[in-house]
Structure formats: structure tokens, C-alpha cells
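Here the structure is laid out as C-alpha cells; the discussion comes afterwards.
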Amino acid sequence: REVDDTFDVSACVREPIHKLGGVQSYGALIGVRDGKIVVASENAGTVLGVPEPRGAVTRLLTDWQMATLAALADADTGQTAMMPVELGGVGSGRRFDVTVHRADGLLVLEFEPASPAGEFASAYAPVRQALVRLQRAGTVAEACQEAVREIRAITGYDRVVAYRFESADGPGEVIAEEVAAGWEPWLGLWFPATDIPPQARRLYEHNWIRVIADVEDETARLVPEVLPDTGEPLDLSMSVLRTVSDFHLEYLRNIEVTSSMSVSLLSGGRLWGLIACHGRARKELSPPVRSACEFFGVALSLQLASLREHDVTSARERSRQVIAGLLADEPLQPAGLKDLMDCDAVLVRTNGDLTVHGDGLGPEAAAALLAALPDTVAGEIWSSECLADDLADMPEKGPAGVLALRSGAEGDVVVWVRAERTVARRWATDPSRPITMGPHGRRLTPRGSTAVFLASVRGHSMPWSTTDLVMAAELGRAMMASALANARRLSALNA
Ligand code: BLA
């Protein structure tokens, strides 16, 4: 008898992963308001080595320590604030690394076993050297490769990959990897969008690092379960010990991973990708090493931004020369426009006349496509690599991608089109099938390389590159300038 083992992904998307009401049990959390402990993880007494921490926080920490921690929480450095602390009152002499932030009007303190003295310095030195190497990287791939090598060296995880999203909520590709011998290589593999639900992606834009020490850990629940004033569990968005979604734990078990860490890579405040790390054994990263990784993620994000900037500048320089040659011919030659970038056809409409140059698009289909494109102002470009997703009234048999430049007033337009891409992607799992139970639970496992699933990308063209977009924008600028110059010449003649 067939068992229906398919799984409803919408459950995932709705899960409030920032309010699961618990922390990983290797550390303890307390939340303080007006000097009183309002909430604590059930293991706080055990971890801190004191009787149930309730009531006044001064029984644990001195006023001076609390003031310093509060100042740290408010310092707004953009990174996790942490300091070594020796307990003052009961439990005097016990040492912890305390990470601090504010949430729901509470000062939230997270205690982890003190890291060995000097660990910060020893984690920081290699990071400084790695930053220099990172800055020398000339491409995104090189920078990511340097980053995964470095993060693996400072943490010792078995697998470290750089994972880049195709779009904010889309699937992604492993673009760099450092992996222990005997682990299956993931470089070049695509993973479906559902592997990381949208609310997790939003969370990772604010909290840049998460460590899962042990997938078999028993969560330490927060007491009380809900805060009296909000009626909801404490918001753990910025917590470092936050307990993890069961769905994700099952995913990790299915790929035979016990510990993990991921660091956000951001571009303009949006999640661009992740450095994802996996370990076969349990692993608690000490706060100094965790901070070093977080810092490295920020540095890599900045380097990626500067590389993109550099790509844009050099594309702009190259395009100016090509475009100057193109505009020397009057009127503009469609063949020349088509050669500007890799495409299947180009449509040009000037003064109401439509020319199609290239393959795969008849005059009627071309006119239907132009009618469906959104209105933009002259000089502006609009692009899509999946018209079926991006256009409300997508004509029946159109191309998959377009790059449109409104080249003047009166509906003048240049449109480059691309057909559906034929290059297949290598998926770690069949993206078109429903999610089913893996050996340990509800998740298809990304399996061995023999099981890699090749699928063409339905409805998508090859993406438009930065160079393509810059080329079109520069052309728009040059055409406007030359139109303006012509108009001036005409009015001078008429005068
Ligand atoms: C979280 N999923 C994650 C995270 C990663 C992935 C990196 C971040 C947490 C972490 O650091 O471990 C997925 N890991 C990957 C991918 C690669 C990798 C794609 O190494 C490829 C290189 N996951 C599912 C399904 C659901 C799901 C079907 O596959 C929903 C039912 C949920 N994934 C899910 C949730 C989280 C998550 C809820 C958030 C976990 C948390 O932060 O609490």
C-alpha cells in the first residue's frame, strides 16, 4: 500500500521561528526589566551553577556589570555585543561569555561557558590576514572561495559552502566550497527555494549568524512561556542561543549533519547568500570565534559590493566605446544593436515602425510583447528573466526574458529578447516533486552526486548580467544625448 508521505510546505512558511520559546541547552538566557529577572530559560540555574535565578538580578551581577552590559546592548555597532563576565553575587567567581541585546523591552542576557583566555586574539589574527587576501580577490567566485577556506580554517567544520540566492526568495547555487575528504562535493549544485522559508530569510537579514550546536539537543524552555505584558513568547530574533525549527533539524539529520552554522551575506540590506557550514559532530562555537565569523561575513559582503561596483565601472567604460561606434550609423542598425549583448532577437520601434532582427519572434508576437511591457520613462530600462512571473498579461508564445530600453518619447523602444534557457541546472533534489519524508523525517535528502537531478529551467531565460544592464543604460543615455544634439542643430538651422 502506498503511503502518502508528501508534506505541506505552507506549514513551514507560517512557523514563527523567532518565537519558539526556548534556547539551545548549552547556554542559558535571562531577561531583565527594572533590575528584575522577568524570564529565564529552565536550565539557567544549572548552567550558572546557582539556585533558580529569580527576583533581583543583583543577586547574580553587580550594578556595574549590568550598567556595562546595558551600554553594550545600546552601542549599536551592528554586530553581536558580547563581554566576558565573572558572576558577582551567588555563584561568585564563575566565568561566562555574556551576549546582550534588547527585545520586548527587556535586557536579554545569554550566558555561554567562558572561552579560554586569549581566544579572541587567536581568532582575530588569522581573520586580519584573511581580510587582506579577501581584498585582493578580483571576482565574486574568488572572494567566496577565500571566505569559505578561511571560515573552515577558523571553525573546523567539515563542510563550508558559499550559497548564492538567485533572487530574494528563490532557489540558490553553491558557488564555492571547502569540504573534508569523503564528503560528497556540492559545488555547482542548486537547492530549491523551499529549503529556506521566507521568514527565515527575513530574520537572517537582521541577525547575521546562527549556530546550531547539536541537532539532538533538548531545548531549554523559557519560563514563563509567554511574557505577561505581551501574552506572547519572548521575541528571540536577535538571540544567539535561539532554539531551532524542528523542520530544519530534520533537514540536517537527513543530510547526516549534527552541527551547523550559517553567516548572512547581504547586498544593499537584502540577503544575497549565506556561508553555510556543517559538522559531523556536535560543535559549540565560542563567542569570540562566532564574532570572528560574523565579522568576516560583514567584510565579505562589503567586498562583494565593491566587486560589483568595479564590474559596473568597467562595463560602463567598455560600453561607451561600442556605443559610440554604433551611433555613428544613422539610422541605428538593428544588427549592431543585436550584437551589443548575447540575445536571440532585438525589436526596434522608431516613429511607430517596428523591426524585428533575429530568431524566434514573428511581427505579431513582437507587437503583442511590446503591448504587454510596462510603461517606463524615456531612458529607463526594464528587464525580466521570467516574463511568465513578471508580466500580468504575458502573450501566449513569447520569449522567456527581455531587456527593454525606452529610447525616446512616442513609444520608441529597443527590446532585447532571450528564449527559455537550455542549459540544465544540477539540482540536489528534484525541484518539481512534492517534498516527501526522508529517512529521519519530512524532507527529501539532497543525496549523492549520482542522484543529482538535471532539470531545464522552465520559463526562465539566462539572466541579464550587470554588463548587459549597464550596456542598455549607457545606450539610452547616448541616444538621448544625440537626439538632444539633433534637436538643437535643427532649431539653430530654423532660426
Ligand atoms: C533554515 N535551511 C536553513 C538554513 C540553511 C538551510 C543554511 C539556515 C540555518 C542553518 O545555518 O543551518 C538550507 N543548508 C541549506 C541549503 C544548503 C545548506 C539550501 O547547506 C545548501 C548548500 N527546510 C526545508 C523545508 C522546510 C525547511 C521543506 O527543506 C520547511 C518545512 C525549513 N529551513 C527551514 C527553517 C529554517 C531553515 C524553518 C530556519 C531555521 C532557524 O533559523 O530556526
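Read the numbers this way: they start at 1 and go in the same order the structure lists the ligands and their atoms. Values below: every heavy atom of this structure, side chains too, minus hydrogens, waters and symmetry copies.
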_Are any of the N/O atoms on R210, whether in the backbone or the side chain, positioned under 3.5 angstrom from an N/O atom of ligand 1?_
no
*asked:* Please verify the inter-ring angle class for F96 with F111; under 30° counts as parallel, over 60° as perpendicular, anything in between as tilted.
replied: perpendicular
*Between A276 and ligand 1, which part of the residue brings a heavy atom under 4.0 Å of the ligand: side chain, backbone, both or neither?*
side chain
*Cationic N near anionic O, under 4.0 Å, R221 to E42*: no
*Between V160, T194, V211, which one has a non-hydrogen atom sitting closest to atom 25 (C) of ligand 1?*
T194
*Look at atom 17 (C) of ligand 1 and find which of Y204, F165, F247, Y251 reaches it with the closest heavy atom.*
Y251
Using a 3.5 Å cut-off and no angle test, enumerate the donor-acceptor pairs between side-chain atoms of residues 19-32 and protein atoms at least two apart in sequence or in another chain.
unit_1 : atom_1 : unit_2 : atom_2 : d
K19    : NZ     : E232   : OE1    : 2.9
Q24    : OE1    : A213   : N      : 3.0
Q24    : NE2    : V211   : O      : 2.7
Q24    : NE2    : R242   : O      : 3.3
S25    : OG     : D217   : OD1    : 2.4

_Plane angle bin for F191 and W186 - parallel if under 30°, tilted between 30 and 60°, otherwise perpendicular_ = tilted
_Ring-face cation contact, F165 with R201, 6.0 Å cut, 45° max_ = yes
*With a cut-off of 6.0 Å (strictly less than), are more than 12 heavy atoms of other residues, nucleotides or ligands near CD of E205?*
yes
*Answer with side chain, backbone, both or neither: which part of S260 has a heavy atom less than 4.0 angstrom from an atom of ligand 1?*
side chain
*Sidechain N-carboxylate O distance under 4.0 Å for R290, E112*: yes
*Y157 six-ring centre to R152 NZ/CZ under 6.0 Å and within 45° of normal*: no
*Please determine if R253 and D246 form a salt bridge, counting it only when a charged side-chain N lies under 4.0 Å from a carboxylate O.*
no
*Report yes or no: does Q199 have a heavy atom closer than 4.0 Å to ligand 1?*
no
*How does M261 reach ligand 1, by side chain, by backbone, by both or by neither, if only non-hydrogen atoms under 4.0 Å count?*
backbone
_What I want to know is whether H248 and ligand 1 share at least one N or O pair that is separated by under 3.5 angstrom._
yes
*Would you tell me which option among A200, G172, S262, P197 has the nearest heavy-atom contact to atom 32 (C) of ligand 1?*
P197
*Against heavy atoms of W186, which atoms of ligand 1 measure under 4.0 Å?*
20 (O), 21 (C), 22 (C)
_Using a 4.0 Å cutoff against the non-hydrogen atoms of V161, which atoms of ligand 1 qualify?_
22 (C)
*asked:* I want to confirm something. Looking only at heavy atoms, which of I17, L274, I212, D195 is nearest to atom 33 (N) of ligand 1?
replied: D195
*asked:* Can you tell me if E86 has over 12 outside heavy atoms packed within less than 6.0 Å of its CD?
replied: yes
*Which of the atoms of ligand 1 are close to E15, meaning less than 4.0 Å from one of its heavy atoms?*
38 (C)
*Check V174 against ligand 1 and report side chain, backbone, both or neither, counting heavy atoms closer than 4.0 Å.*
side chain
*Would you say R242 touches ligand 1, if touching means a heavy atom closer than 4.0 Å?*
yes
